Enquirer: 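Supplied in structure tokens, the structure appears directly below.
Protein chains get the first letters and strands the later ones, always in sequence-line order, with residue 1 at the start of each. A quick note: this is a predicted structure, and the numbers were derived from the prediction, not measured.
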Amino acid sequence: MTHGYSIDMSTDEKYNPKIVEEEAQAFWESEQTFSVTHQSDKEKFYCLAMFPYPSGKLHMGHVRNYTITDVIARYQRMQGKNVLHPMGWDAFGLPAENAAIENHTAPAKWTHENIAYMKSQLKSLGFGIDWSREFATCDPSYYKWEQWFFTKLFDKGLVYKKTSSVNWDPIDETVLANEQVIDGKGWRSGANVEIKEIDQWFIRITDYADQLLNDLDDLEQWPEQVKTMQRNWIGKSVGINIIFDLSQTIREFTHFDVYTTRPDTLMGVTYLTLATQHPIALEIATLNPELAEFIDNCKSQQVSEAEMATMEKLGMDTGVVAIHPLTGDKVPVWVGNYVLMDYGSGAVMAVPGHDQRDYEFAKKYSLPIMQVIQSLNGGGIETAALTEKGVLINSGKYNGLDFDTAFKVISEDLKRSNHGSVATNYRLRDWGVSRQRYWGAPIPIYNLAEGGEIAVPIDRLPVILPTNIKMDGVQSPLKADKSWRKAELNGQFVEHETDTFDTFMESSWYYARFTCSDDHTQMLDPERANYWLPVDQYIGGIEHAILHLLYARFFHKLMRDEGLVKSNEPFKKLLCQGMVLSESYYYQSEGKKIWVSPSKAELHRDKYGKVEKIIDIETGVELTSGGITKMSKSKNNGVDPQLIIDKYGSDTVRLFTMFASPPEQTMEWSDEGVSGAFKFLKKLWRIVHDQIKLSNEDVIDVSILNDQQKYLRRKTHETIKKVSDDFGRRNTFNTAIAAVMELLNEIPKVDTISPQSIAVRGEAISNAILMLNPIVPHICNKLWLTLGNPTSICEIDWPKVDELALLKTSSIIVIQVNGKVRGKIEVSVGSNDDTVKSQALEHENVQKFIAGKKVKKIIIIPNKIVNIVISK
RNA sequence: GCCAGUGUGGUGGAAUUGGUAGACACACGGGAUUCAAAAUCCCGCGCCCUUAAAAGCGUGUCGGUUCGAGUCCGACCACUGGUACCA
């Protein structure tokens with residue numbers, strides 16, 4: 001270590017984090033402090049962090065996430081609750097396959113090594129975790145129950161197989177994840193990625209769309225932004241399915257459907273667009289080589305929504321026309337690359353006058369644009385589509401109708417002629433759970449020789465993933481292993497399904513399994529699951545706001561309907577923490593940016609403390625700041641938590657992480673901030689050791705306290721009040737820490753001689769230690785004993801506010817003139833408004849501003865502000 | 001593109017319900033202690049004018065509501081997360 005200590009301090013008075021932390025951790029381990037069992041007589045609190053993917057070692061995001069969780073868990077424990085704080089591993093996934101190819105090892109080996117290392121790191125950070133409940137999702141004893149549950153869903157008809165699109169790498173002959181497609185090319189092969197249609201398994205989440213939407217209203221302790229995102233994602237809309245007849249029959253096709261939420265614009269339809277894979281489009285293409293070529297070219301695109309929405313929209317006239325269901329007019333039918341066959345009916349109606357994307361498409365291909373809605377401010381459609389709702393024009397008998405009436409009348413007319421009906425639609429699509437990958441839970445299905453599928457019988461579960469394999473990056477070892485695929489059922493040959501589950505399956509129910517992970521006879525033990533669930537506080541990254549949280553909510557409802565749990569929702573209170581950022585630095589070399597780790601950058605500041613020069617300490621090269629960005633490999637700006645733990649100890653890392661910013665915001669890493677946190681812990685250590693030297697036996701007698709002593713007592717209890725609110729309700733640990741720092745800064749203002757002063761100081765210090773305990777538990781564990789307390793701080797309750805200590809006799813009131821601060825006065829608490837008014841008007845500086853002006857009115861906010869409003 | 005956020009001193013951030021903008025820290029400057037340094041302690045620290053006090057300006061930009069706006073409303077700019085196969 002590079003830090004010095006006061007020379008006059010004896011050995012045990014030095015703050016040595018290594019000794020203090022090892023001692024505390026050994027104590028918790030030997031006492032089994034954090035192992036819990038369900039006790040129906042005690043109030044429970046289930047505190048859960050999103051479990052980590054075992055990628056190798058902990059990163060700062062993990063440290064932040066698990067520190068927040070641990071602080072809340074320890075705080076709730078001090079409230080006397082039975083706190084469950086478990087941990088496990090989200091162990092299946094793509095990175096293990098990539099690492100396996102790179103290192104020529106099996107994904108299982110890599111994963112288990114990572115788990116062992118990361119577990120040791122979590123222990124060294126002093127998190128109060130009940131490790132007896134630990135599991136990894138790649139354990140057959142875990143995914144067995146997931147497979148069992150899937151077969152239940154299969155029996156209930158909630159599971160089905162259908163064709164859907166994937167990114168296909170034609171060189172590696174493999175399916176690519178969206179993140180493996182870079183600029184339209186496969187990341188490994190560099191081949192142009194194509195869209196391919198394959199058969200996949202789906203779970204009917206859309207059957208639960210209404211529940212998932214409506215139950216959001218019951219989640220009072222979820223951030224509003226997350227609920228809004230989920231509502232928009234589910235995207236419930238009421239519209240009309242409209243049938244367009246073809247003017248001529250194409251093979252067996254006489255018509256097709258489109259869905260619209262704007263039937264009021266139906267008279268403005270000037271063309272219709274089919275997906276390139278629409279059966280009618282494919283049929284027309286057999287006789288139209290030009291169209292066939294267009295459709296073929298459209299294959300070279302990706303499946304991601306962002307890509308679909310931003311790519312150039314291309315289309316082609318099929319030459320076929322459809323009949324407008326209201327007017328009987330002929331409407332041209334186009335094929336477009338921006339309509340996907342997977343979603344909805346694979347066809348859309350285009351109203352370029354009132355939809356911006358249609359407008360741009362119509363301009364590009366010189367298609368007619370019609371205005372059928374009148375603008376409120378009289379605007380036309382010369383430069384852009386008019387998307388607001390309004391009164392219908394150019395719509396024949398519908399002219400003059402507003403949106404609601406037009407919707408009703410037009411839908412009735414369509415219904416009468418059997419050309420449409422009102423329909424509720426969701427943006428949400430069914431959950432595709434098939435992955436054409438190896439490192440996942442095998443989907444428990446037998447494919448029958450004569451076609452069709454059945455669920456693997458319960459007595460044959462789990463379908464075990466072979467782990468002794470080699471990966472080459474081309475084909476999944478599961479698909480390649482012919483003997484694994486073979487199976488026999490009732491004397492018939494059947495084949496195991498070779499697709500594995502989406503890893504969101506495992507992360508959708510792990511929180512429930514933690515309540516009873518030792519039960520190998522059933523998926524969940526109802527007694528324990530219903531005692532602990534729902535999770536009282538769930539904590540994880542905002543990046544999971546939609547997918548993970550929606551799938552987990554869905555799974556919970558599925559488990560409820562299977563009779564496994566009683567609650568409707570899995571997570572009562574949700575906290576989404578922000579990302580961890582750090583400064584990045586680079587220099588230019590041969591036109592390329594070479595990124596240098598922040599640990600190698602030396603900052604030179606001017607006399608105002610502003611950075612004026614950055615030097616690479618290894619090469620002496622001058623560096624440029626690349627800004628503060630998310631810690632990443634590509635910018636070489638990651639900070640390894642282990643290095644900081646080794647240098648300063650876990651308490652310093654925990655303190656800095658909690659102090660740097662409130663949990664929901666992004667957190668910026670700063671080496672100076674870390675050493676500041678360490679400095680504070682040394683100060684805390686010294687304050688306690690100075691106090692015990694004062695050797696005082698007196699207890700506080702409130703009747704004999706002087707003003708100074710009363711002030712410190714009030715500060716102590718104000719701080720307890722604030723910190724309790726910050727921990728329990730607001731989850732703002734940064735302001736809680738700041739409040740304790742303020743309290744400690746007040747202590748030196750009280751003398752060290754009078755016994756009552758020493759007692760009041762002692763009260764402030766003891767409470768500060770208790771309040772800091774959830775954040776920096778190792779040092780508090782030690783200092784609590786140093787203060788002479790006989791029992792461990794783990795057994796002590798959270799401090800209580802003495803309301804009498806909070807009473808004040810006077811308060812400072814700000815005087816404003818026309819909203820600007822012009823002075824301050826001290827008034828006794830309970831003064832009447834007239835007294836306050838006259839005192840305010842007499843204030844010398846205020847007089848300067850109101851002299852010769854007419855006072856129009858005076859606004860009084862009790863104990864805070866007097867605002868004198870004068871004419872200008 | 002679409003959905004959801006964020007923007008405050010040199011820096012991280014505070015201001016919880018529309019009521020003193022900058023708490024608490026970091027950095028920096030000055031001082032004490034020291035043979036010297038580290039560590040520690042004390043003082044100062046939004047900008048501008050100034051010996052000082054007072055005034056003026058100031059929460060991404062422009063506009064609005066209000067006695068009073070960082071906070072509410074409208075428009076815009078920049079950045080971030082998600083966008084269904086990264087987890």
Enquirer: For the P atoms, the ones on rC35(B) and on rU50(B), what distance do you get once it is rounded to whole angstrom?
Expert: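 Each nucleotide's P atom is 43 Å from the other's.
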Enquirer: For Ala738(A), check side chain to side chain contact (heavy atoms under 4.5 Å, CB included) against everything at least two apart and list the hits.
Expert: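 Once residues adjacent in sequence are excluded, the partners of Ala738(A) under the side chain to side chain contact (heavy atoms under 4.5 Å, CB included) criterion are Phe659(A).
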Enquirer: May I ask you to check if Arg435(A) and Phe501(A) form a cation-pi contact, with NZ or CZ under 6.0 angstrom from the six-membered ring centre and within 45° of the axis?
Expert: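 Because its charged atom misses either the 6.0 Å distance or the 45° angle limit, Arg435(A) does not stack over Phe501(A).
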Enquirer: More than 12 heavy atoms of other residues, nucleotides or ligands under 6.0 Å from NZ of Lys57(A): is that the case?
Expert: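 Counting other residues, nucleotides and ligands, NZ of Lys57(A) stays at 12 neighbours or fewer.
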Enquirer: Rounded to the Å, how far apart are Ile860(A) CD1 and rG18(B) P?
Expert: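 Interatomic distance, CD1 of Ile860(A) to P of rG18(B): 21 Å.
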Enquirer: Side chains of Leu603(A) and Glu672(A), heavy atoms from C-beta outward: is any pair under 4.5 Å?
Expert: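 Of all side-chain heavy-atom pairs linking Glu672(A) with Leu603(A), at least one is under 4.5 Å.
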Enquirer: Could you give the CD1-to-C1' distance, from Ile812(A) to rG19(B), as a whole number of Å?
Expert: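 Computing the Ile812(A):CD1 to rG19(B):C1' distance gives 16 Å.
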Enquirer: Going by side chain to side chain contact (heavy atoms under 4.5 Å, CB included), name the residues that satisfy it together with Ser810(A), two or more places apart in sequence or in a different chain.
Expert: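 Per chain and number, Ser810(A) pairs via side chain to side chain contact (heavy atoms under 4.5 Å, CB included) with Glu826(A).
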Enquirer: Polar-atom pairs under 3.5 Å, protein N or O versus N or O of nucleotides 79-81 of chain B: list them with distances, or write none.
Expert:
none

Enquirer: For Tyr551(A), enumerate each residue passing the side-chain hydrogen bond (donor to acceptor under 3.5 Å, both in side chains) test, keeping only those at least two apart in sequence or located in another chain.
Expert: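 Applying side-chain hydrogen bond (donor to acceptor under 3.5 Å, both in side chains) to Tyr551(A) gives none.
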Enquirer: Nearest of rA87(B), rA84(B), rC67(B) to any side-chain atom of Leu94(A)?
Expert: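 Among rA87(B), rA84(B), rC67(B), the one nearest the side chain of Leu94(A) is rA87(B).
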Enquirer: Can you measure Glu844(A) atom CD to rA53(B) atom C1' for me and round it to whole angstrom units?
Expert: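 After rounding, the gap between these two atoms is 11 Å.
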Enquirer: In whole angstrom, give me the gap between the C1' atoms of rA14(B) and rG7(B).
Expert: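 The same atom, C1', in both gives a distance of 16 Å.
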Enquirer: When the distance from CD of Glu664(A) to C1' of rA14(B) is rounded to whole Å, what number comes out?
Expert: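 After rounding, the reported distance stands at 15 Å.
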Enquirer: Between rU11(B) and rU59(B), how far is it from one C1' atom to the other, in whole Å?
Expert: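 Comparing C1' positions in rU11(B) and rU59(B) gives a spacing of 16 Å.
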Enquirer: Got a donor-acceptor pair under 3.5 Å from the side chain of Asn867(A) to the base of rC67(B)?
Expert: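 Checked by distance alone, the answer is yes.
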Enquirer: Is any side-chain heavy atom of Lys715(A) closer than 4.5 Å to one of Leu743(A)?
Expert: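 Leu743(A) vs Lys715(A): side chains touch.
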Enquirer: Between rU16(B), rC24(B), rG1(B), which nucleotide gets closest to the side-chain atoms of Arg729(A)?
Expert: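 Closest of the options to the side chain of Arg729(A): rU16(B).
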Enquirer: What nucleic acid atoms does Thr310(A) come within less than 4.0 Å of, heavy atoms only: base, sugar-phosphate, or nothing?
Expert: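 Base, at least one base atom sits under 4.0 Å.
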Enquirer: Quick one: Asp430(A) CG to rC85(B) P, roughly how many Å, whole number?
Expert: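 It is 12 Å, rounded to the nearest whole Å.
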Enquirer: Without decimals, in angstroms, what is the distance between Ile195(A) CD1 and rA84(B) P?
Expert: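 Those two atoms, CD1 and P, are 12 Å apart.
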Enquirer: Excluding sequence neighbours, so at least two apart, what forms ring pair (Phe, Tyr, Trp, His ring centres under 6.0 Å) with Trp89(A)?
Expert: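 Checked Trp89(A) against ring pair (Phe, Tyr, Trp, His ring centres under 6.0 Å); zero matches.
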Enquirer: So, are Lys693(A) and Asp690(A) salt-bridged, with charged N and O less than 4.0 Å apart?
Expert: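 A salt bridge links Lys693(A) with Asp690(A).
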Enquirer: Could you state the atom-to-atom distance from CE of Met741(A) to P of rG13(B) in whole Å?
Expert: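 Met741(A) atom CE is separated from rG13(B) atom P by 15 Å.
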Enquirer: Nearest whole Å is fine: how far is rU17(B) P from Ile861(A) CD1?
Expert: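 These atoms are roughly 16 Å apart.
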Enquirer: Would you please enumerate the stems RNA chain B participates in, each stem being three or more consecutive Watson-Crick or G-U wobble pairs with both distances under 3.5 Å?
Expert: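 Stem list for RNA chain B: B:1-7 with B:77-83, B:10-12 with B:24-26, B:28-32 with B:40-44, B:60-64 with B:72-76.
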